[in-house]
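Comments concern the structure below.
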Amino acid sequence: MYLSPADYQAIWLTLKLCSLTTVLLLIVATPLAWWLARTSSKSRIVIQAIVALPLVLPPTVLGFYLLLLLGPNGAIGSTLELMGFSHLAFSFSGIVVASVCYSLPFAVQPLMQSFQDMGPLPNELAASLGAGSLDRFFSITLPLCRGGFIVAATLSFAHTLGEFGVILMLGGSIPGETRVLSILIYDHTEAMNYAAAHTLSIGMLVAAFVVLSIVYSAQRRFAQVVA
Amino acid sequence: MITLQLQLVRQHFDLNINTTLPTTGITAIVGRSGCGKTSLLRAIAGLEPNCQGLIQFNNQSWLTGTVALPVEKRRIGMVFQQAFLLPHLSTEQNLLYGFNRTRKQQRTLTPELIIAMLDLKPLLGLKQHQLSGGQRQRLALGRALLTSPQLLLLDEPFAGLDQQSKAEILPFLHRISQQTKIPMLLVSHQLDDIVQLADHIVLLQQGQLVTQGPLQQQLSLQAFSAFGAMSVLHCHTATSNDDTLLTLQLGKQQLMLPYQYFNGACRLRVQAKDVAISLEPLVNSSVNNQLQATVCGFTSASHPAESIVQLQVEGQPLQALVTNRSTERLRLKADMTVYVQIKAVAIY
């Protein structure tokens with residue numbers, strides 16, 4: 001099996017995108033999932049629907065609106081340019097933002113589920129024993145919802161790995177910047193370079209299988225801890 | 001003193017409490033299921049974010065309007081229903097969770113003391129699933145105490161415990177109150193359980209306070225007869241003349257009881273249905289305990305054919321459940337001197 005420098009570059013870029021997205025998603029999704037699991041506010045339904053949108057929307061739709069929003073004429077893109085930064089269309093930062101939006105439900109859902117399963121009691125008890133909110137997060141929520149965090153992280157990573165439409169719409173195929181593995185496979189196929197496409201595809205297939213195995217074993221182990 | 005002026009809107013009722021509670025001894029909050037007892041306890045703990053009003057503990061302000069002191073800053077100890085243990089921690093880690101989060105200068109109770117007081121040593125090596133309900137309760141109690149709290153809150157500490165586990169935990173609660181002097185608020189729907197412990201009692205109904213005051217006086221109120229009328233007598237000294245009988249001094253009079261276990265406490269619970277009244281002292285009777293009493297008045301009982309006679313024995317209130325027919329036959333009137341025969345007594 002022979003990998004070209006362009007292939008290595010795409011693999012490295014993909015791993016960088018997936019890792020960064022996963023870290024950002026855990027930071028964003030944890031408070032969001034916590035709020036969704038605890039609130040009785042009516043706005044919960046709206047927020048939950050917005051979070052779940054990427055599950056049902058064609059990635060091209062999401063990519064199209066992100067392109068409008070983050071591009072030079074979009075609300076966010078033009079604001080960034082006014083502040084002296086560049087807009088986010090066709091850039092690595094742009095596809096990171098896109099990936100966070102695209103994979104958000106895959107991080108929020110398992111976290112919300114595990115927060116709901118844990119219930120309010122462990123945290124109430126810990127508070128009554130003098131633990132502050134940060135202390136409670138690390139000594140109670142994190143260990144008790146460990147399974148939820150593992151599932152959220154792996155699913156976010158895996159889902160970003162399989163992202164194609166959104167990146168194509170917003171990022172195009174710029175080597176070293178936005179040409180991730182899924183785009184490169186597409187490019188190889190377009191260029192009739194089936195051998196190269198095959199090599200990368202097999203790699204993706206194995207990686208996806210491994211990641212899903214991790215998710216299911218984490219879910220099983222977590223279920224045993226709770227039982 | 002705990003000053004409460006609080007409102008809390010719940011699904012089935014509104015909790016609306018304006019009162020002051022003592023910060024000495026054990027205060028019991030009783031009422032039927034769903035009357036707001038647990039909500040009141042949780043509001044005092046700071047676990048009800050929608051609670052509004054005023055909570056003042058001695059000179060500390062815990063709630064003013066909607067500004068609340070966070071739970072972890074109130075320095076309370078709370079024992080939740082079913083004695084919840086943190087599942088990811090060992091029994092020992094559970095016990096010390098709060099202690100490790102209590103400032104050194106605020107620690108008045110040490111693990112050694114609490115382990116001895118609650119007899120926890122045998123439990124520390126055990127896994128959580130090996131602990132019985134009563135043992136979990138003791139561990140949860142020890143964990144709450146090790147934060148050296150200013151106030152201990154107990155939510156239905158006897159719920160889900162069998163008689164034996166209950167009997168196991170009661171003396172510990174009594175001992176804690178006596179030895180640590182930490183004020184306790186205890187929620188229960190069983191009057192039976194709390195008369196053994198409480199000094200002060202609060203009755204709630206549909207989120208409203210019905211009455212509150214010292215236990216002995218409150219028990220004579222009509223409001224409590226729905227729980228089964230009973231009285232509590234405090235005896236002064238107790239001596240055992242032999243291995244089988246215990247003599248208790250009640251003012252100038254004496255009571256004799258079969259010796260069960262004796263922990264120095266002299267609190268007697270007498271059910272109104274176990275008290276009989278006669279105009280003359282009975283001589284040829286199997287009932288050992290006969291006391292001179294004065295009739296104070298009458299209140300209605302749950303059955304229309306019966307009434308509760310309110311009596312005074314050595315200055316302490318005592319209730320007797322008799323049929324209206326007997327009241328008429330004996331021509332019982334207020335200020336009359338009578339003799340009461342007490343058939344059964346529970347000692348705590």
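Because the structure is predicted, anything quoted here is derived from the model rather than measured. Quick note on labels: first sequence line is chain A, next is B, and so on, each numbered from 1.
Interface remark: Ser139(A) contributes backbone and side-chain atoms alike to the contact with chain B (heavy atom separation under 4.5 Å). Both the backbone and the side chain of Phe84(B) come within less than 4.5 Å of a heavy atom in chain A.
Residues of residues 136-145 of chain B placed with any heavy atom under 4.5 Å of a heavy atom in chain A are listed by number as Arg143(B), Ala144(B).
Residue with the most contacts toward chain B among Gly130(A), Ala127(A), Gly132(A): Ala127(A) (heavy-atom pairs, distance under 4.5 Å).
Taking 4.5 Å as the limit, every side-chain heavy atom of Leu129(A) sits out of range of all side-chain heavy atoms of Arg101(B). Two residues are said to be in side-chain contact when any heavy atoms from C-beta on lie closer than 4.5 Å; Glu124(A) and Met78(B) fail this criterion.
The CG atom of Asn100(B) sits 10.0 Å away from atom CG of Asp135(A), with the distance rounded to the nearest 0.5 Å. The distance from atom CG of Leu152(B) to atom OG of Ser128(A), rounded to the nearest 0.5 Å, is 10.0 Å. The distance from the CG atom of Leu85(B) to the CG atom of Leu125(A) is 8.5 Å, given to the nearest 0.5 Å. Interatomic distance, Ile140(A) CD1 to Leu89(B) CG, rounded to the nearest 0.5 Å: 6.5 Å.
Atom OH of Tyr65(A) is surrounded by 12 or fewer heavy atoms from other residues, nucleotides or ligands within 6.0 Å. The environment of Gln206(B) atom CD is sparse: at most 12 non-hydrogen atoms of other residues, nucleotides or ligands sit within 6.0 angstrom. A 6.0 Å sphere centred on CZ of Phe172(B) holds more than 12 heavy atoms belonging to other residues, nucleotides or ligands.
Listed by chain and residue number, Asp187(A) satisfy the salt bridge (Lys or Arg N to Asp or Glu O under 4.0 Å) test with Arg179(A) (two or more places apart in sequence, or in another chain).
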Step-by-step side chain to side chain contact (heavy atoms under 4.5 Å, CB included) determination, Arg136(A) to Glu72(B): CA-CA 10 Å; Arg136(A) 293 202 293 272; Glu72(B) 61 270 24; 3.3 Å; yes

